[in-house]
Amino acid sequence: MTKEGYLKIKDFLLSHKPLLYIAAALYRFGVAAVYLSYPLFLLILIINKNLYCIRSVLVCGIGFVLLTLFRKYVNAERPYERFGFTPLIKKETKGCSFPSRHTFSAAIIGMSLLAVFPVWGGTVLGLAAIMAALRVVLGVHFIKDTAAGLLIGIVFGLFSFI
């Protein structure tokens with residue numbers, strides 16, 4: 001997306017504050033729902049003595065570390081850095097934009113859940129897609145960042161869990 005595209009979205013949301021509040025609240029809800037789902041999922045597995053718990057922790061953890069190292073190596077700029085604007089959610093991180101780690105994490109968690117609880121996993125994957133879109137709309141990532149994070153999480157999950 002271009003600077004003009006981000007600024008149009010930003011201006012639109014700032015002139016329609018209820019939509020901005022809804023977008024920010026939906027984003028925060030998605031993050032909370034995904035990141036509360038994972039420990040709850042692991043707890044259910046532990047209570048049921050399901051060894052899939054170990055696999056899930058290892059795959060999600062290894063994926064997270066590998067993605068973090070790759071992001072650090074690439075060190076891509078964020079939209080607000082490149083275009084000089086303030087994002088619509090508080091974010092001051094410099095670089096490490098590609099791929100989106102939030103989106104990857106939500107996708108890999110969704111894939112882990114999908115293998116055991118398909119409806120729950122599908123719901124988390126849906127939230128991951130919504131989070132991906134909102135991270136772009138709110139100005140903290142480029143579309144390629146969130147699309148790559150989502151795709152890498154899903155593909156890594158397909159090879160690891162399905």
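Taken together through direct or relayed side-chain contacts under 4.5 Å among Ile, Leu, Val, Met, Phe, Trp and Tyr, L43 and V34 form parts of separate hydrophobic clusters. V74 and L151 fall into different hydrophobic clusters, where Ile, Leu, Val, Met, Phe, Trp and Tyr are joined by side-chain heavy atoms under 4.5 Å apart, directly or via other members. Both I9 and F12 are part of a single hydrophobic cluster, where members link through side-chain heavy atoms under 4.5 Å apart. Connection of V140 to I143 is established within a shared hydrophobic cluster, with ILVMFWY side chains joined at heavy-atom distances below 4.5 Å, either directly or through further cluster members. Cluster annotation: I22 is not connected to V136 through the hydrophobic network of ILVMFWY side chains, with a link wherever side-chain heavy atoms come within less than 4.5 Å.
Judged by distance alone, with hydrogens and angles left aside, the side-chain atoms of R78 form a donor-acceptor pair with the main-chain N or O of G95 at under 3.5 Å. Counting only distance, with no hydrogens or angles, the side chain of R55 and the backbone of S160 share a donor-acceptor pair below 3.5 Å. The main-chain N or O of D11 is found under 3.5 Å from a side-chain atom of S15 such that the two form a donor-acceptor pair. A donor-acceptor contact shorter than 3.5 Å is absent between the side chain of K3 and the backbone of R82. No side-chain donor-acceptor contact under 3.5 Å links S112 to the backbone of I108.
Rounding to the nearest 0.5 Å places CD1 of I47 at 11.0 Å from CG of L42. If you take CG on L7 and CD on E4, they are separated by 7.0 Å, rounding to the nearest 0.5 Å. Once rounded to the nearest 0.5 Å, the distance linking CG of L14 with CG of L88 reads 5.5 Å. With rounding to the nearest 0.5 angstrom, the CD1 atom of I109 is 11.0 Å from the CG atom of L127. The CG atom of L19 sits 11.5 Å away from atom CG of L26, with the distance rounded to the nearest 0.5 Å. To the nearest 0.5 Å, atom CD1 of residue I44 and atom SG of residue C53 are 11.0 Å apart.
Partner S97 forms a side chain to side chain donor-acceptor pair (under 3.5 Å) with one of H141, E77, R135, E81 and no other, that one being H141.
Here the shortest heavy-atom pairing between T86 and K10 reads O-NZ, 2.7 Å. Considering every non-hydrogen atom in both F156 and V59, the closest pair reads CE2-O, 3.4 Å. Closest non-hydrogen pair, N75 versus C96, comes out as OD1-N, 3.1 Å. For the pair A115 and Y52, the tightest heavy-atom approach, listed with the atom from each and the gap, is CB-OH, 3.3 Å. In plain terms, the two heavy atoms of A76 and F98 that are nearest each other are CB-CB, 3.7 Å.
Put simply, the side chain of M111 reaches to within 4.5 Å of the side chain of L114, judged on heavy atoms. D145 places none of its side-chain heavy atoms less than 4.5 Å from the side chain of F104. V137 has its side chain within reach of L13: a pair of non-hydrogen atoms, C-beta onward, lies under 4.5 Å apart. Residues W120 and L40 have side chains in contact (heavy-atom distance under 4.5 Å, counting atoms from C-beta outward). You'll find the side chain of P99 reaches within 4.5 Å of the side chain of R71, heavy atoms only. Between C60 and Y38 there is a side-chain heavy-atom pair separated by less than 4.5 Å. Using a 4.5 Å heavy-atom threshold, the side chains of L20 and L138 count as touching. With a 4.5 Å cut-off on side-chain heavy atoms, I152 and F70 do not count as touching.
Under the rule for a ring-ring contact (aromatic ring centres under 6.0 Å, His included), F64 has no partner lying at least two apart in sequence or in another chain. Applying the side chain to side chain contact (heavy atoms under 4.5 Å, CB included) rule to L66 yields the partners I62; only residues at least two apart in sequence or on another chain are considered. With sequence neighbours excluded, the residues that form a side-chain hydrogen bond (donor to acceptor under 3.5 Å, both in side chains) with T103 are S100.
Between F85 and Y80, the two ring planes are perpendicular [angle over 60°; tilted spans 30° to 60°]. Between F83 and Y6, the ring planes lie tilted relative to each other; the angle falls in the 30° to 60° range.
Within 6.0 Å of CZ in F29 there are 12 or fewer heavy atoms belonging to other residues, nucleotides or ligands. Few gaps surround NZ on K91; more than 12 heavy atoms of other groups in view lie less than 6.0 Å from it.
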